[in-house]
Colleague: 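There's a structure below that I have some questions on.
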Amino acid sequence: MATSGEAPESWYLALLGFAEHFRTSSPPKIRLCVHCLQAVFQFKPPQRIEARTHLQLGSVLYHHTKNTELARSHLEKAWFISQQIPQFEDVKFEAASLLSELYCQQLLLHNLVDSAKPLLRKAIQISQQTPYWHCRLLFQLAQLHTLEKDLVSACDLLGVGAEYTRVVGSEYTRALFLLSKGMLLLMERKLGEVHPLLTLCGTIVENWQGNPIQKESLRVFFLVLQVTHYLDAGQVKSVKPCLKQLQQCIQTISTLHDDEILPSNPADLFHWLPKEHMCVLVYLVTVMHSMQAGYLEKAQKYTDKALMQLEKLKMLDSSPILSTFQVILLEHIIMCRLVTGHKATALQEISQVCQLCAQSPRLFTNHASQLHTLLGLYCLSVNCMDNAEAQFTAALRVSDLTTHQELWAFIVTNLASVYIREGNRDQELYNLLERINPDHNFPVSSHCLRAAAFYIRGLLSFFQGRYNEAKRFLRETLKMSNAEDLNRLTACSLVLLGHIFYVLGNHRESNNMVVPAMQLASKIPDMSVQLWSSALLKDLNKACGNTIDAHEAAQMHQNFSQQLLQDHIAACSLPEHNLISWTDGPPPVGQFQAQNGPSTSLASLL
């Protein structure tokens, strides 16, 4: 046996070589790899080798086995021993980083998050002379606070990171810290702090001269924040220049080659997202824009591209962000399908979201409210009003109002439409409308949701026969939706105004509303508005004695009715239709019983 003073010992290199051979075999022979690494301890190695071997064992066990207790034990030993060895930063901080990651993985089983925080804080405190690890550990602790929804602490840490990188001369990583902080401030709706911070980020990004891919990835991060900020505010028209820049930016990135030139500053050794993930993200925000603006065929096209890309990536990459992207894409395309009259497909995609959420407790926690909201919208589309109410109520119960205020307002607006259609829920309806009063203290800054709140008021006034009041509300919706190209709201407002003028006997004015409503609804395409418009056109032309036009409109109405009816029957016949009765607990998967046929009223469709 070699003396322990020799380094590196031949026996150690031999065992390490065997371990690496077994780890990289196809398939990996992890048990043999672990045996080789454990054999190192038989030689009573010096502290440096002992600590490094504990780290290697912990890492292999953590990444390749389910034996987290043993992985944890090795990582804890690596962290403890390495702190006693001078100039041993890589082992010391990698052990700390991996160990706190393991603690967070076990968070759902045991309350180990309290072990992770002090560990990371200590590692941050003693890593100030090692820029790469200091930044990485700051990002890690900020992420941990974000997962716990403690965004204030996370923002503070990102601010510390931004100041540290400014001092060590890393403008690139400073931009990453500031953009990450901007993202959290947007989540907190601290818009007063977001605007100056994004302005500063824009200046840093434009002035930074470095690796072209890194520079463009910073620009993508910056533009994604700007675009989502506009979309959150429901400003579909104002966002277009930013969105165009973002799309050009991702095209530039896709033409650049990944140069493996390591930055000279160790604090710059970070990437925001892989290039392929950025492409999916840009598709995703394009889908969000197309859906809000009412370009539903464009939304479909980009969803198909993004989902195809995601399927390829998920074969090679188990990153949880890919499942998050997939769920958000499906959430948007489901809403599009409900509008375009493809309810059966929408229902199957809702079931797909259930399956994805069932595989990840964290994904379900973050998307439970959206899932119940989608089911509520589906119930509305098939006239299951009691189920729609139950789904929207469940969505409100499980939503986090601190970070999802827009979602809350969206759910309340749809629940109000349920109460209006039921016609006998006056007290509940007035309580809801008081909370989303567009004329006074509207709870969110979204232009789109405020316009929708005016529409809901107009709809209620119409049902109550208060036509002048209805016209005031609907003209407000029209003014707002025209200002930001909100095509669906424009179409809905026009057809409802057309209906009001028809009831009042003003056929000419009614026609002036219904014809553009029909054109816009065909362009979207919105099946329900087309059905409604064609019914009005039939009655209008009949009243005016235009027999040929009336017959043509009647034929159109018949076609739309048949399409919607067939889709309605197809959706309600699916076993997944039983999802409408799920309002509590984890998402049901594989529990669907096929039904004999639809059990819902078709009357209001026809």
Side-chain angles (χ1 to χ4, degrees), residues 339 380-381 383 385 413-414 416-426 429-430 432-433 436-439 451-482 486-522 524 526-561 564-565 601-606:
V339 172
L380 263 177
S381 75
N383 304 307
M385 290 300 152
T413 304
N414 280 288
S417 79
V418 172
Y419 290 155
I420 290 170
R421 284 167 71 170
E422 285 185 318
N424 57 353
R425 307 295 294 276
D426 290 353
L429 178 58
Y430 289 126
L432 278 187
L433 292 178
I436 50 163
N437 185 345
D439 284 319
F454 275 118
Y455 177 79
I456 285 293
R457 295 259 166 172
L459 188 66
L460 176 63
S461 301
F462 165 72
F463 275 114
Q464 292 174 332
R466 301 206 302 268
Y467 298 127
N468 284 335
E469 186 180 88
K471 283 190 281 184
R472 180 184 85 76
F473 287 129
L474 293 169
R475 282 179 178 135
E476 203 61 48
T477 303
L478 268 182
K479 188 170 75 179
M480 291 185 75
S481 54
N482 281 333
L486 304 169
N487 289 334
R488 274 204 73 221
L489 269 176
T490 301
C492 290
S493 305
L494 283 171
V495 73
L496 185 49
L497 275 167
H499 203 132
I500 290 166
F501 283 119
Y502 175 74
V503 170
L504 293 172
N506 189 341
H507 294 165
R508 186 179 165 195
E509 197 61 42
S510 177
N511 197 62
N512 289 345
M513 299 290 155
V514 179
V515 170
M518 186 60 155
Q519 289 166 344
L520 200 50
S522 306
I524 291 168
D526 185 324
M527 284 293 279
S528 299
V529 175
Q530 284 176 293
L531 183 74
W532 190 356
S533 301
S534 57
L536 270 171
L537 283 171
K538 178 186 70 174
D539 294 342
L540 268 171
N541 285 306
K542 201 172 171 183
C544 297
N546 303 328
T547 316
I548 296 169
D549 290 342
H551 178 73
E552 192 181 308
Q555 192 56 54
M556 275 197 316
H557 184 260
Q558 178 65 18
N559 293 343
F560 292 134
S561 295
L564 278 166
L565 187 56
S601 155
L602 305 179
S604 73
L605 277 175
L606 313 174

Colleague: Would you say the side-chain atoms of Asp526 pair up with the backbone N or O of Val529, donor to acceptor, closer than 3.5 Å?
Modeller: yes

Colleague: Are the side chains of Leu460 and Phe473 in contact, using a 4.5 Å heavy-atom criterion?
Modeller: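 The answer is no; the side chains never approach within 4.5 Å.
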
Colleague: One pair to check against side-chain contact (heavy atoms from CB on, under 4.5 Å): Leu531 and His557. What are the steps and the verdict?
Modeller: CA-CA 6 Å; Leu531 183 74; His557 184 260; 3.7 Å; yes

Colleague: Nearest 0.5 Å please: distance from the CZ atom of Phe454 over to the CG atom of Leu474.
Modeller: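 Rounded to the nearest 0.5 Å, the CZ-CG separation comes to 11.0 Å.
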
Colleague: Salt bridge between Glu476 and Lys479, side-chain N to carboxylate O under 4.0 Å?
Modeller: yes

Colleague: Asp549 versus Leu537: any side-chain heavy-atom pair under 4.5 Å?
Modeller: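 No, side chains not in contact.
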
Colleague: Rounded at 0.5 Å granularity, tell me how far CE in Met527 sits from OG in Ser522.
Modeller: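 Here the interatomic distance stands at 10.5 Å.
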
Colleague: Report the C-alpha separation of Met518 and Met556 in whole Å, then their side-chain angles, then the decisive distance to 0.1 Å, and conclude whether the side-chain contact (heavy atoms from CB on, under 4.5 Å) test is met.
Modeller: CA-CA 11 Å; Met518 186 60 155; Met556 275 197 316; 3.4 Å; yes

Colleague: Nearest 0.5 Å please: distance from the CZ atom of Arg457 over to the OG1 atom of Thr477.
Modeller: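 The OG1 atom of Thr477 is 11.5 Å from CZ of Arg457, to the nearest 0.5 Å.
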
Colleague: Does Lys542 have more than 12 heavy atoms from other residues, nucleotides or ligands lying within 6.0 Å of its NZ?
Modeller: no

Colleague: Do Tyr467 and Phe462 have side chains that get closer than 4.5 Å, going by heavy atoms?
Modeller: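 Touching, per the 4.5 Å side-chain cut-off.
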
Colleague: CG/Leu520 to CZ/Arg488 distance, rounded to the nearest 0.5 angstrom?
Modeller: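 Output value for this atom pair is 10.5 Å.
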
Colleague: Take Ser417 and Ile456 through the test side-chain contact (heavy atoms from CB on, under 4.5 Å) and record every step on the way to the result.
Modeller: CA-CA 7 Å; Ser417 79; Ile456 285 293; 3.8 Å; yes

Colleague: Do Leu459 and Phe463 come within less than 4.5 Å of each other through their side chains, counting heavy atoms only?
Modeller: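 Yes; the side chains approach each other to less than 4.5 Å.
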
Colleague: One pair to check against salt bridge (charged side-chain N to carboxylate O under 4.0 Å, His left out): Glu469 and Arg472. What are the steps and the verdict?
Modeller: CA-CA 5 Å; Glu469 186 180 88; Arg472 180 184 85 76; over 6 Å; no

Colleague: Find the distance between CG (Asn559) and CD (Gln530) and round it off to the nearest 0.5 Å.
Modeller: 11.0 Å

Colleague: Check whether any side-chain heavy atom of Leu380 lies under 4.5 Å from a side-chain heavy atom of Arg421, and answer yes or no.
Modeller: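 Yes, at least one pair of side-chain atoms sits under 4.5 Å.
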
Colleague: Would you list the atom pairs, donor with acceptor, under 3.5 Å between side chains in residues 489-511 and any protein atom, with sequence neighbours excluded?
Modeller:
residue	atom	partner	partner atom	Å
Thr490	OG1	Ser481	OG	3.1
Thr490	OG1	Leu486	O	3.0
Ser493	OG	Leu489	O	2.7
His499	ND1	Trp532	NE1	2.9
Asn506	OD1	Glu509	N	3.2
Ser510	OG	Gly498	O	2.7

